[in-house]
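Values below: every heavy atom of this structure, side chains too, minus hydrogens, waters and symmetry copies.
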Amino acid sequence: MSKHVVLVEDEANIAEAIRFLLGRDGWRVETLANGGNAADVIRTARPDLVILDVMLPGKTGFEILAELRCDDSLAGMPVLMLTARGQARDREMALQAGVSRFMTKPFANDEMLTAVRELTVGRVN
């Protein structure tokens with residue numbers, strides 16, 4: 001079974017770049033451009049990892065993260081949060097909300113791959 005990530009990112013260029021990068025590394029990447037139903041998709045898909053943008057249409061990454069952390073079956077799922085803002089306040093809010101790792105855009109490809117691999121050690125099917 002291939003490694004699976006759900007990517008919630010509304011910027012098409014970034015979503016495609018991450019899909020390409022992770023796809024080369026053996027990941028199956030499911031992308032969503034809207035946060036509105038992201039928690040439901042994640043609940044059904046049960047991915048090895050979730051990558052969330054902070055600012056999304058429908059629901060913010062923080063709102064989606066809160067939904068995941070309130071669901072006992074998803075509470076331990078690794079979540080990597082991405083933001084273009086990268087301010088200390090955003091990082092602090094993400095950590096308080098239970099994010100596994102926080103990364104600012106733009107990011108280096110190696111940085112993304114390292115984060116994904118580290119967050120999923122021992123979790124991949």
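The backbone N or O of Glu11 lies less than 3.5 Å from a partner atom in the side chain of Glu9, making a donor-acceptor pair.
Every side-chain contact (heavy atoms from CB on, under 4.5 Å) that Ser73 has, sequence neighbours left out, goes to Arg46, Asp71. Residues forming a salt bridge (charged side-chain N to carboxylate O under 4.0 Å, His left out) with Asp40 (at least two apart in sequence, or on another chain): Arg43. Every residue meeting the side-chain contact (heavy atoms from CB on, under 4.5 Å) condition with Thr31, not counting sequence neighbours, appears here in chain and number order: Leu7, Arg19, Val29. Here Glu67 pairs with Lys59 under the salt bridge (charged side-chain N to carboxylate O under 4.0 Å, His left out) rule; sequence neighbours left out. For Ala115, the side-chain contact (heavy atoms from CB on, under 4.5 Å) partners two or more places apart in sequence, or in a different chain, are Leu80, Arg101, Met103. Not counting sequence neighbours, the partners of Glu30 by the side-chain hydrogen bond (donor to acceptor under 3.5 Å, both in side chains) test are His4. Residues passing the side-chain contact (heavy atoms from CB on, under 4.5 Å) test with Leu95, sequence neighbours excluded: Arg91, Val99.
Leu65 CG to Met81 CE: the interatomic distance, rounded to the nearest 0.5 Å, is 4.5 Å. Once rounded to the nearest 0.5 Å, the distance linking CG of Leu32 with CG of Leu56 reads 9.5 Å. With rounding to the nearest 0.5 Å, the separation of CE in Met77 from CG in Leu68 is 7.0 Å.
In this structure, the side chains of Leu113 and Leu22 come closer than 4.5 Å at one or more pairs of heavy atoms.
Hydrophobic clustering keeps Phe20 apart from Val116 (ILVMFWY residues linked when any side-chain heavy atoms are closer than 4.5 Å, directly or through intermediates).
Heavy-atom minimum distance, Phe102 versus Ala94: CD1-CB, 3.5 Å. Residues Pro57 and Ala33 approach most closely at CG-O, 3.5 Å, considering heavy atoms.
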Q: Start with the C-alpha gap between Lys3 and Thr120, add the side-chain angles, then the distance that decides, and say whether side chain to side chain contact (heavy atoms under 4.5 Å, CB included) holds.
A: CA-CA 9 Å; Lys3 301 174 281 185; Thr120 57; 5.8 Å; no

Q: Might you work through the side chain to side chain contact (heavy atoms under 4.5 Å, CB included) test for Met93 and Val54, ending with a clear yes or no?
A: CA-CA 11 Å; Met93 284 175 53; Val54 170; over 6 Å; no

Q: Please step through side chain to side chain contact (heavy atoms under 4.5 Å, CB included) for the pair Ile64 and Val79, ending with a clear verdict.
A: CA-CA 10 Å; Ile64 297 164; Val79 177; over 6 Å; no

Q. Taking it one step at a time, do Ile18 and Leu82 satisfy side chain to side chain contact (heavy atoms under 4.5 Å, CB included)?
A. CA-CA 11 Å; Ile18 292 172; Leu82 302 175; 3.7 Å; yes

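Among residue pairs with one or both ends in residues 108-117, those qualifying as salt bridge (Lys or Arg N to Asp or Glu O under 4.0 Å) are Asp25-Arg117; sequence neighbours excluded.
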